[in-house]
> 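Submitted below is the structure of interest, expressed as structure tokens.
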2 protein chains.
Amino acid sequence: MEIEERSEILNTTGMFLLDGKKVRNDVVTDLKKESEKFYQAYSRRPELAIIIVGSDGASLTYVKSKGKLADEVGIKHVDHFLPEDTSEDELLNLIESLNEDDDVDGILVQLPLPAGISEEYVLEKISAEKDVDGFSPLSMGRLLAGYHDNVPCTPKGIMRMLEYYEIPIKGQDVVIIGRSNIVGRPLSILMSEKGADGTVTLCHSKTRDIKKYTASADIVVVAVGSPGFLTSDMVKNGCTIIDVGITRVKDESKKKGYKVVGDVDMESFRDRDVKLSPVPGGVGVMTVAMLMENTIRAALKRKGERI
Amino acid sequence: MEIEERSEILNTTGMFLLDGKKVRNDVVTDLKKESEKFYQAYSRRPELAIIIVGSDGASLTYVKSKGKLADEVGIKHVDHFLPEDTSEDELLNLIESLNEDDDVDGILVQLPLPAGISEEYVLEKISAEKDVDGFSPLSMGRLLAGYHDNVPCTPKGIMRMLEYYEIPIKGQDVVIIGRSNIVGRPLSILMSEKGADGTVTLCHSKTRDIKKYTASADIVVVAVGSPGFLTSDMVKNGCTIIDVGITRVKDESKKKGYKVVGDVDMESFRDRDVKLSPVPGGVGVMTVAMLMENTIRAALKRKGERI
């Protein structure tokens, strides 16, 4: 009896963690079926080409986790590891040949690129139908114009997570901190467009008083890459917080020598009545799942299937 | 003495009107020189193709005012008047031939299009280098990605006007009401991107309490098309207000039988300490000037000139 009462208190007034793995597992179960159906229909797997230039540690980790989930879902992936001194022309030529390869459904260029290679030219080179990361100007422009085609994976994952936990956006006061092209900017469009209907304020490093905006927000998304940035005095009770920060912090107790932390000062939120998507275990795992969904979606669309 | 004092009061505490014609005239003076320089260098004028389908009254008025300013600036314009029942294919074919015509620097399709013609397909057909309205997905995506190419004319005109009157955006609290792809959405990007650095909240028809946002705003842009929408109790002293609304209201005293009004309840702002861009006479005239600037810019860029 005592335990039940306590659990009820936790559910109604305590901090509630949004579980990215749970949502991801649901998505992955569906994607496995889709991928199998595709295989039965076309005698091949949906195929994703992953390009990585150089050997940045974090980038290699991301590429590895993408390949692992592709294997699990049943997506064929071909990883192109190019040396650090690859020229822009070589990279553009590779993309060109992948654009023309009928078996390739999705092309992903792992960012950031080495200095000297124009991200602008590279992203614009990827054919829109294969741009599963959704970062090419044409994909971005379609997003802006309200036609959803390849929607960038992290913003898409955040939307899916809110949907899963039935957290309303319509008419809500939404504050997004961080204006990157990968997260904050496209998310601000998704959350404020017709149908979603949130009222979105986009804050950034030049915002004078971020607390002024977060204090009355129903949803706060923080994507600045600064551990401990968001403290509990900045939000109201009942708020939903999505932590998108990823920072590696030295930790001798870990095998790798570091741990990954987000932008939320978790300690300060203990006993606060908020819903919180934490790092790790929150939207990070959703991002890779959305990439797989975009790949299968692109494969089906290329076959002329209604999606 | 009395008059001087009064005028000082008006300047410091009264309503100050931002004069679109004044800014426009400055722009036009520059554009005439640019256009003349282009003619001297290439023995032809920058050329703008304007396409209008059907005979919507407001659209015809806009097309006429565009042609008039083109004449004044020294831009050749070819107006294609197509009948209401033009098919999508015919329109796409015309755009294709204009894309390929080396003498055409800019292509503008007057919106809205008749039902049955996909705005999406039509805008995507215009080659990005000639998309002087900046509405194609690729132009929009470049804007979103932070590379300014063809920036939509009304948002660009608003930015230019604020610059002219030295109204700061950096670190300011900006509220934009209206999320259209033509005004609110691209303007929210321009005002919040790096360099501009405003903190922008995008409000719309599903926003619960617009006054909650406007009350503390330093800049309010209203683009909803609803006369009298913004009243003086919604903003603080010292606020800058940009009225983008255009509504035709019956007025027997006018030759045309109507007058054009904006979204601001002008009467309520009498004696308020605000800066205000009115309708008519505000950003409307800026929009057409920016179209001419985009056309000359496109012409120079197509000749490989640095701009």
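Below, chain A is the first sequence line, B the second, and so on; all start at residue 1.
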> With a 4.5 angstrom heavy-atom cut-off, could you sort out which part of B/Ser205 is near chain A: side chain, backbone, both or neither?
neither
> Please classify the contact of B/Asp173 with chain A as side chain, backbone, both or neither, using a heavy-atom distance under 4.5 Å.
both
> Answer yes or no: is there a donor N or O on one side and an acceptor on the other, between the side chain of A/Arg179 and the main chain of B/Ser192, under 3.5 Å?
yes
> If you count every heavy atom of other residues, nucleotides or ligands that lies below 6.0 Å from B/Tyr147 atom OH, does the total exceed 12?
yes
> Measuring heavy-atom distances to chain A, does B/Glu124 have an atom under 4.5 Å in its side chain, in its backbone, in both, or in neither?
side chain
> In terms of heavy-atom proximity below 4.5 Å to chain A, should B/Tyr213 be classed as side chain, backbone, both, or neither?
side chain
> With only heavy atoms counted, which part of B/Asn181 is less than 4.5 Å from chain A, the side chain, the backbone, both or neither?
side chain
> Need one label for A/Ile189: side chain, backbone, both or neither, based on atoms under 4.5 Å from any heavy atom in chain B.
both
> With a 4.5 angstrom heavy-atom cut-off, could you sort out which part of A/Ser216 is near chain B: side chain, backbone, both or neither?
both
> May I ask you to test the B/His148-B/Leu190 pair for a side-chain heavy-atom distance under 4.5 Å?
yes
> Could you tell me which portion of B/Arg185 (side chain, backbone, both or neither) has an atom closer than 4.5 angstrom to a non-hydrogen atom of chain A?
side chain
> Given that the side chain runs from C-beta out, which part of B/Lys212 has a heavy atom under 4.5 Å from chain A: side chain, backbone, both or neither?
side chain
> Are side-chain N/O atoms of B/Asp131 and B/Ser136 paired as donor and acceptor at under 3.5 Å?
yes
> Taking the side chain as every heavy atom from C-beta outward, state whether B/Leu48 and B/Leu291 have any atom pair closer than 4.5 Å.
yes
